[in-house]
Amino acid sequence: MKSRIGIETLVGLFMIAGFACAVYLTVKLGDVPLLANQTYELSALFSSTSGLKKGAQVEISGVKVGKVASIGLDPVTYSSVIKMAVEQNVKIPEDTIASIKTAGIIGDKYVELKPGASETYLKSGEKIRDTEGSLDLEGLVSKYIFEKKE
Amino acid sequence: MKSRIGIETLVGLFMIAGFACAVYLTVKLGDVPLLANQTYELSALFSSTSGLKKGAQVEISGVKVGKVASIGLDPVTYSSVIKMAVEQNVKIPEDTIASIKTAGIIGDKYVELKPGASETYLKSGEKIRDTEGSLDLEGLVSKYIFEKKE
Amino acid sequence: MKSRIGIETLVGLFMIAGFACAVYLTVKLGDVPLLANQTYELSALFSSTSGLKKGAQVEISGVKVGKVASIGLDPVTYSSVIKMAVEQNVKIPEDTIASIKTAGIIGDKYVELKPGASETYLKSGEKIRDTEGSLDLEGLVSKYIFEKKE
Amino acid sequence: MKSRIGIETLVGLFMIAGFACAVYLTVKLGDVPLLANQTYELSALFSSTSGLKKGAQVEISGVKVGKVASIGLDPVTYSSVIKMAVEQNVKIPEDTIASIKTAGIIGDKYVELKPGASETYLKSGEKIRDTEGSLDLEGLVSKYIFEKKE
Amino acid sequence: MKSRIGIETLVGLFMIAGFACAVYLTVKLGDVPLLANQTYELSALFSSTSGLKKGAQVEISGVKVGKVASIGLDPVTYSSVIKMAVEQNVKIPEDTIASIKTAGIIGDKYVELKPGASETYLKSGEKIRDTEGSLDLEGLVSKYIFEKKE
Amino acid sequence: MKSRIGIETLVGLFMIAGFACAVYLTVKLGDVPLLANQTYELSALFSSTSGLKKGAQVEISGVKVGKVASIGLDPVTYSSVIKMAVEQNVKIPEDTIASIKTAGIIGDKYVELKPGASETYLKSGEKIRDTEGSLDLEGLVSKYIFEKKE
Amino acid sequence: MVTALGAWTIKQLNDLGRVGRFLLRCLFQIIVPPYKLWPMVQQIHFIGAASVFVILFTGTFTGMVLGLQGYYSLRQFGSEGALGAAVGLSLVRELGPVLTALMVTGRAGSAICAEVGIMRNTEQIDALTCMAINPYKFLFAPKFLAAIICFPLLTSLFDVTGIVGGYVIGVKLLGVNAGAYLEGMYKSVVWEDVYMGMIKSLCFAVIMVWICASKGYYLHLNKAGFGAEGVSRATTQAVVLSSVSILVCDYFITAILL
Amino acid sequence: MVTALGAWTIKQLNDLGRVGRFLLRCLFQIIVPPYKLWPMVQQIHFIGAASVFVILFTGTFTGMVLGLQGYYSLRQFGSEGALGAAVGLSLVRELGPVLTALMVTGRAGSAICAEVGIMRNTEQIDALTCMAINPYKFLFAPKFLAAIICFPLLTSLFDVTGIVGGYVIGVKLLGVNAGAYLEGMYKSVVWEDVYMGMIKSLCFAVIMVWICASKGYYLHLNKAGFGAEGVSRATTQAVVLSSVSILVCDYFITAILL
Amino acid sequence: MSAQPAKNIAIELREIRKTFGQQEVLQGINLKVKEGKTTVIVGGSGQGKSVIIKHMLGLIRPDSGEIQVYGQNILTMSNKEKSEVRMNFGVLFQGGALFDSLTVYDNIALPLRERTKLKEEQIRYRVESKLEMLDMPGVGSKYPAQLSGGMKKRVGLARALMLDPKVLFLDEPTTGLDVKRSKEIYRLFASIQAKLSFTAVIVSHDAPKIFKLADYIALIADGKIQGCLTPEAFQLSDNSYIKNFVQETMGDIYRG
Amino acid sequence: MSAQPAKNIAIELREIRKTFGQQEVLQGINLKVKEGKTTVIVGGSGQGKSVIIKHMLGLIRPDSGEIQVYGQNILTMSNKEKSEVRMNFGVLFQGGALFDSLTVYDNIALPLRERTKLKEEQIRYRVESKLEMLDMPGVGSKYPAQLSGGMKKRVGLARALMLDPKVLFLDEPTTGLDVKRSKEIYRLFASIQAKLSFTAVIVSHDAPKIFKLADYIALIADGKIQGCLTPEAFQLSDNSYIKNFVQETMGDIYRG
Ligand SMILES: Nc1ncnc2c1ncn2[C@@H]1O[C@H](COP(=O)(O)OP(=O)(O)OP(=O)(O)O)[C@@H](O)[C@H]1O
Ligand SMILES: Nc1ncnc2c1ncn2[C@@H]1O[C@H](COP(=O)(O)OP(=O)(O)OP(=O)(O)O)[C@@H](O)[C@H]1O
Ligand SMILES: [Mg+2]
Ligand SMILES: [Mg+2]
């Protein structure tokens with residue numbers, strides 16, 4: 001029972017390392033792409049991204065083409081800035097419209113891209129100009145009812 | 001202690017029971033088809049398949065006749081291309097209309113085929129021409145309210 | 001072991017008698033259908049049975065009178081054929097209307113029978129002629145909104 | 001290890017009896033009232049009790065005054081007959097209206113009694129004459145939309 | 001093996017931790033008030049308290065100020081009588097309006113108090129005169145649709 | 001034990017160093033707020049905060065910028081007073097409007113801030129003047145229906 | 001044949017009755033004086049304090065798994081806010097008492113059975129009898145008392161750590177609204193749930209000690225085998241039987257109290 | 001102090017490494033010939049066939065409890081029809097593999113640890129070594145293989161009986177629509193769920209045998225105590241450690257595969 | 001079967017029969033244990049010596065026969081009466097039967113704690129003097145598992161002697177001890193016996209040496225007591241079993 | 001320490017030291033085991049006899065010192081080499097070390113099954129002849145737990161002898177057996193030794209009787225081998241430990 005450093009120590013270290021990696025992967029990266037570099041980044045400014053979460057899907061015609069990489073607040077305009085990681089093999093024309101939609105009635109929010117007709121495609125890091133923020137259903141309904149009353 | 005033959009019988013029974021259960025789970029719950037080749041493939045182009053998932057049902061008059069085998073994005077038209085595996089014994093006329101529907105209010109999306117009157121039937125690999133994409137309920141509602149206001 | 005045969009035999013007899021009684025009670029008085037034939041089969045053709053599942057209830061005025069035994073597709077008319085197992089003691093007039101309904105808003109689909117006034121009752125294997133398929137709520141809503149716009 | 005009938009056998013019998021009782025109570029009576037005779041029975045005929053279950057609440061002004069004891073089908077009128085067990089200390093005038101309601105939007109169905117002004121009270125076994133069956137929301141909505149279209 | 005004192009310390013710590021957790025569960029989750037006498041009682045008569053449960057919240061402007069202590073039926077008017085335990089430090093003017101509301105669409109019912117301008121405050125045991133019972137959404141909707149038809 | 005002091009001491013030192021690093025990293029780089037003061041407090045008076053819970057999110061354009069620290073009742077005006085902990089690095093102009101919103105249809109309530117154009121920013125402890133309480137959907141609907149009837 | 005069936009029945013009844021009488025005697029010995037504190041404290045240490053670590057661990061991970069799965073299920077209905085309620089209810093009503101009981105059975109129950117079984121095997125119980133010391137009082141009363149005290153406390157610990165585990169996953173990692181989690185839980189878990197959980201844990205305590213101790217105590221009447229093998233088999237049987245009984249009992253309590 | 005910490009670290013690392021090497025050696029011995037069938041069949045009998053009864057029982061009652069509670073929870077949302085999906089998903093994904101693993105650990109794991117520990121204690125392992133027979137091949141390889149075969153099968157059994165239990169309660173007793181129960185389940189449980197359950201049960205099999213066998217095998221290096229007490233303590237530790245590891249592993253697998 | 005009528009009889013077994021499974025271990029045992037005397041039971045391994053002792057203690061019920069302890073039938077007694085009779089007993093089990101979750105000190109103190117109302121100091125004094133007497137000072141804080149086999153025997157003996165019993169049952173007190181230690185035990189026993197003059201029932205394999213200690217020797221073979229005689233009479237007995245036994249145990253190693 | 005240079009040396013221990021916890025059990029053991037001869041190790045209980053045997057088998061690593069088996073240092077061997085050396089060993093452990101999950105038959109057959117490629121009939125023949133030889137016909141289907149202590153020892157012996165080992169280690173082969181049975185074991189041992197002339201290391205408490213069997217006797221006391229002598233020389237030795245031992249085991253019971 002002396003502390004001898006040998007094969008067993010090495011195996012022990014290896015096991016701890018393995019376990020640490022497993023924990024790290026689980027906690028930090030969750031959905032880590034084992035092969036990187038297959039996406040490029042686009043950004044977009046929305047008046048509201050209420051309900052959208054990091055990791056939400058980015059879809060074209062209902063087909064997933066990427067996901068939301070980060071959501072931040074523009075400190076000046078107080079609008080919401082999102083960055084999307086779009087799959088390399090999907091080209092996004094520059095006149096694409098991005099809108100925040102809800103899947104079904106009570107589902108998650110996602111970003112829908114409606115590609116335009118332009119033949120110029122956005123490059124990594126560029127910004128989508130035309131955006132539509134999330135719909136404030138509650139607001140609409142109350143507005144609808146109030147207006148009726150008048 | 002039981003005799004060798006007794007043990008072997010028990011183990012055999014156990015293995016059979018266990019396998020039966022495993023097969024049940026796999027085939028019934030996991031939808032893994034043990035007998036292949038009973039389906040043929042049709043494809044269809046939709047303006048949007050938002051919410052539709054791989055493996056979703058394909059129905060005629062509410063009866064399941066197949067499932068969605070794959071969903072992809074047409075890189076040119078940016079429309080959604082789905083491939084459906086339809087049961088061999090169901091013939092689909094060429095003037096069939098495919099539409100994406102929702103089961104109930106908060107249910108899953110599925111593909112509904114409305115067969116036409118044509119006597120020419122689609123063959124494996126052919127495309128359904130008439131399609132209706134998923135309904136954008138949210139969009140409709142907001143449109144409805146906005147129009148009212150005007 | 002020893003001459004307690006008296007008691008032990010008695011207890012044994014008692015157990016057998018008790019067991020026999022239990023089986024008798026279960027079969028006769030409980031609803032255990034060891035003896036089948038308590039239902040008869042009716043069929044009906046629906047334009048759509050979307051959402052209806054095998055085993056769903058068949059009700060008259062909200063009271064369960066049977067269940068759906070099978071759902072199939074008519075290969076010619078592409079309409080949905082269901083077979084219902086209706087309890088023997090419920091007589092269904094021939095001018096009964098069968099419709100597919102939803103329990104509550106997000107509940108399961110079931111078949112509702114509205115018995116007519118005819119004094120001729122359907123026999124096992126016969127078909128209910130008047131049917132109403134499941135309601136396509138989504139379709140209705142979209143139609144409603146579109147028509148409004150015009 | 002001889003089979004001797006003694007205290008232990010008695011205790012054993014007692015335990016089995018106790019266990020059997022527990023099982024019986026759980027399975028059969030569920031919500032058994034330990035003190036009986038505190039309710040009296042009223043019946044009512046409804047055009048539809050769709051969604052109502054045995055054991056559902058009977059309420060006056062939202063206060064529970066009893067429960068549904070049984071639901072059956074009238075073989076002649078095909079209407080639904082329910083029997084309610086109403087608490088002894090609640091008197092129900094004979095011109096009371098019984099209706100099937102839904103708790104909230106997606107809740108359980110219950111029977112609401114709206115007592116009338118009559119000073120004659122119903123006795124055990126008597127029938128409530130004025131009834132309103134469950135609302136067929138789906139039917140209403142579809143009717144609403146169809147009528148609009150015309 | 002640990003020494004006697006060690007064991008006692010451990011057991012003591014364990015008991016304290018366990019009790020702390022049990023108290024937390026009881027007080028926080030189980031809503032059992034450990035310190036009594038901090039509330040006073042008000043009562044109110046409602047035409048209907050359908051869906052309201054004993055223990056439901058009593059709120060002013062969305063802030064919890066007490067809970068429903070009991071719900072009973074007035075045997076003469078057949079209206080629902082509730083008693084509310086209101087926090088001592090909240091004074092309720094005598095012209096306060098009590099209404100039964102629903103939290104969200106599918107949430108629980110609660111009692112909302114809308115305090116009036118009166119400077120006379122209700123004392124323990126007094127009755128709130130102005131009340132509004134729970135809304136019968138189903139009834140409203142059906143009425144709405146029926147009236148439209150005419 | 002033996003003269004392995006070298007290795008063992010080294011490993012010990014290494015462990016201590018590693019542990020120190022881990023603590024440093026956690027505190028400095030991670031979001032572990034061992035050091036508080038990263039938020040400042042704003043308060044707001046609402047006519048109703050029904051459904052809002054302590055700890056609910058405070059958002060600008062859908063981006064989380066803080067949370068609700070406490071909810072209390074103003075004893076005089078009977079309006080609801082909430083305190084929000086807003087992140088230090090987000091400046092809130094004094095003409096900001098705070099409103100209570102619902103995430104989706106059946107989701108949780110949150111506080112939305114709509115920053116104004118003022119260049120004067122609110123300081124810790126100050127009050128947001130323009131507020132909109134939670135929407136009383138039920139009330140609106142019933143009002144809508146009643147008004148229609150007239 | 002009939003005779004054999006009868007003999008078998010009587011034997012089964014006797015076995016059951018013996019075990020029933022065992023419980024009665026133990027409970028009787030709990031009631032009659034003299035009361036001794038120290039043995040009970042030792043048993044609390046063994047059953048309770050020594051189980052804290054496992055309970056904290058399992059509690060945390062159960063809560064985390066619940067949080068994770070609940071989140072993904074609830075998201076389909078768009079009501080992540082109900083996560084707290086879901087986690088709280090499942091823990092307090094069901095998983096807390098049951099998993100605590102199962103874990104403690106695995107840890108302490110097996111040890112109790114093995115200890116008593118070894119005492120039976122090495123004639124220590126005979127020695128007690130010969131010294132005119134009541135084994136029910138000396139051995140089992142403290143165990144019953146300790147279990148009855150420990151189970152609710154351990155269950156509480158389990159519940160609370162489970163709630164924390166769910167909170168960490170749901171709120172910290174997956175971004176559920178903290179207020180919705182906690183307030184939703186406070187609102188949906190009512191006293192009846194806590195009460196039911198406590199009732200369950202008390203029943204499980206009695207079941208666990210009862211089955212494990214009596215399996216050990218009546219080791220010599222059991223045909224399981226001799227010596228170490230007999231003890232190990234009786235222990236296995238005891239753990240299995242306790243676990244099954246706990247689940248059965250759980251079902252009935254849930255059905256009756258719900 | 002620093003030295004002591006270092007020594008402690010090295011000791012812990014060595015312990016861990018020893019256990020890791022134990023696993024590697026066992027797995028290696030599974031691969032190299034000669035393969036013998038009979039010992040494995042015996043182990044399958046012991047780990048698998050002999051556990052069937054408990055598994056059926058716990059499965060049924062778990063399903064019944066799930067059915068009962070699921071029914072009352074879902075009724076609040078008016079969607080009793082989702083009961084089948086709820087029961088099926090919880091069983092197949094979570095409760096099936098985990099409870100099966102916990103039950104088998106309690107039943108067979110403790111017995112494995114005790115058996116190997118007693119072999120170590122009574123010098124049987126030394127005897128093997130002296131006869132130049134590889135204990136990894138002779139003792140542990142069949143156990144690993146048997147566990148790897150048995151766990152998925154037992155999990156399947158558990159799932160199916162659980163589903164049946166839920167059906168009995170939900171459909172037969174509480175009147176849920178039979179079609180909704182079964183079809184809803186078939187629809188919502190997908191291959192990934194079944195697959196995840198199987199993956200879990202395989203991992204749990206390895207974990208269970210690994211921990212229980214190595215705790216027994218390295219009994220003499222453990223300071224737990226001597227003789228029967230040492231064995232019983234090692235068994236307790238093994239069961240606890242396995243159960244905890246199973247739950248931890250469950251969490252990670254759920255998090256990664258979901 | 002010694003026919004002396006003199007002296008009081010402490011324990012009497014009459015026609016005891018006992019079957020375990022298929023094996024009839026006791027086939028009609030008759031044995032009288034005289035008060036104040038030492039009776040030694042000898043016999044081959046597995047012949048039923050320990051079973052006889054357990055019958056005397058009332059731990060095993062015979063299939064048939066009668067057991068009288070000081071004239072009372074132990075088979076028809078209630079639990080409480082049995083408990084009272086056992087107050088007079090001191091027992092050393094063959095396996096020691098020490099409580100392995102208690103320390104040696106607690107093991108020895110247990111009868112005092114549970115059966116008397118002595119203060120803790122008095123108990124301490126008594127226990128330590130017993131440990132001293134048995135040549136084991138300072139082991140009080142150890143657990144039975146930490147003792148050697150011989151020490152376990154001695155602790156068991158100390159516990160048996162703790163309450164100065166009227167009847168002492170010793171099952172193989174010296175087996176597994178080395179020659180020197182077993183001699184010491186015999187010497188100790190003789191000295192206590194001289195002081196307290198209790199009744200003793202001893203089972204032993206240590207055949208020639210134990211004769212010096214015994215007042216009566218009983219040989220069990222084939223499920224029956226072949227004779228209960230004084231040592232001298234035993235060595236000269238005509239009974240073929242006894243003759244064989246005497247010859248085996250005192251004869252030479254290699255016959256051929 | 002017999003100084004004869006003749007004969008080959010099978011096993012040699014040089015200055016072996018071993019400490020368990022605080023207790024230094026072996027304090028420099030030097031012992032040579034001659035090939036083809038029987039060496040008996042005697043000594044008080046707990047002196048380290050079994051520990052010495054385990055060192056020879058390579059089951060325990062000494063803290064310091066050297067162990068040579070047929071001239072090879074067992075401490076520096078790889079696992080595979082050790083395994084080869086052990087092919088020549090036959091061992092009877094003090095506790096029997098029977099596999100209690102296997103029947104007696106399987107226990108004895110195990111070395112044949114795992115180490116040879118014999119057919120099942122050949123194994124059956126060999127096992128049954130061994131059981132016959134040890135006077136235990138028909139017990140093959142029993143489990144170790146169903147055997148008496150003496151039978152366990154004999155099954156262990158049968159297993160040890162199964163592969164006709166070159167070196168035989170027997171740890172207390174006769175302890176716990178009655179006088180008659182132990183005599184039989186000794187006779188059997190002598191006859192096999194005459195036939196196969198293996199090297200044997202025997203540990204025993206059965207002091208005067210074992211002398212007849214031994215070629216050399218080694219006494220261990222105070223962690224050292226006090227002498228490894230022929231039986232005759234041993235009885236006449238001057239060493240005070242040996243003198244004491246001889247006197248204790250052959251002297252009278254009561255000194256006083
Ligand atoms: N509880 C029991 N169940 C079955 N058989 C038993 C039991 N107790 C004793 N026996 C059997 O009774 C016989 C006599 O056992 P006992 O312990 O009395 O022998 P003994 O004469 O004391 O032997 P030893 O000298 O080894 O102590 C043995 O063959 C044993 O197998
Ligand atoms: N694994 C171990 N751990 C700690 N101490 C040990 C271990 N093995 C042996 N000992 C100690 O070493 C000493 C010698 O033990 P050993 O078994 O060699 O005695 P022995 O001479 O064979 O005695 P016996 O005649 O009883 O067999 C004993 O005091 C024992 O406590
Ligand atoms: Mg004996
Ligand atoms: Mg030894």
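Per chain, numbering begins at 1; letters A, B, ... match sequence-line order. Here the structure is a predicted model, which is why all the values come from computation and not from measurement.
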Exercise. Under a 4.5 Å heavy-atom cut-off, does chain B meet the side chain of H:I149, its backbone, both or neither?
Worked result: side chain
Report the distance from atom [atom1] of [X] to atom [atom2] of [Y], rounding to the nearest 0.5 Å.
| X | Y | atom1 | atom2 | result |
| --- | --- | --- | --- | --- |
| H:I44 | B:M15 | CD1 | CE | 5.0 Å |
| H:I163 | B:C21 | CD1 | SG | 9.5 Å |
| H:C150 | B:F14 | SG | CZ | 4.0 Å |

For this session: Would you indicate whether B:F19, at its atom CZ, is surrounded by more than 12 heavy atoms from other residues, nucleotides or ligands within a distance under 6.0 Å?
Result: no
Exercise. In terms of heavy-atom contacts, does NZ of B:K91 have more than 12 from other residues, nucleotides or ligands at under 6.0 Å?
Worked result: no
For this session: Could you tell me which non-hydrogen atom of H:A49 sits nearest to which non-hydrogen atom of B:L10, and how far apart they are?
Result: CB-O, 4.2 Å
Seminar exercise, completed: Of the listed H:V41, H:V52, H:V92, the one with the largest count of heavy-atom pairs under 4.5 Å with chain B is H:V41
For this session: Would you please go through residues 99-116 of chain H and name the residues with a non-hydrogen atom below 4.5 Å from one of chain B, in numerical order?
Result: none
Exercise. Going by heavy atoms in the side chains, are H:W191 and B:L25 under 4.5 Å from each other?
Worked result: no
Exercise. Just wondering, do H:Y195 and B:T26 contact through their side chains at under 4.5 Å, heavy atoms?
Worked result: no
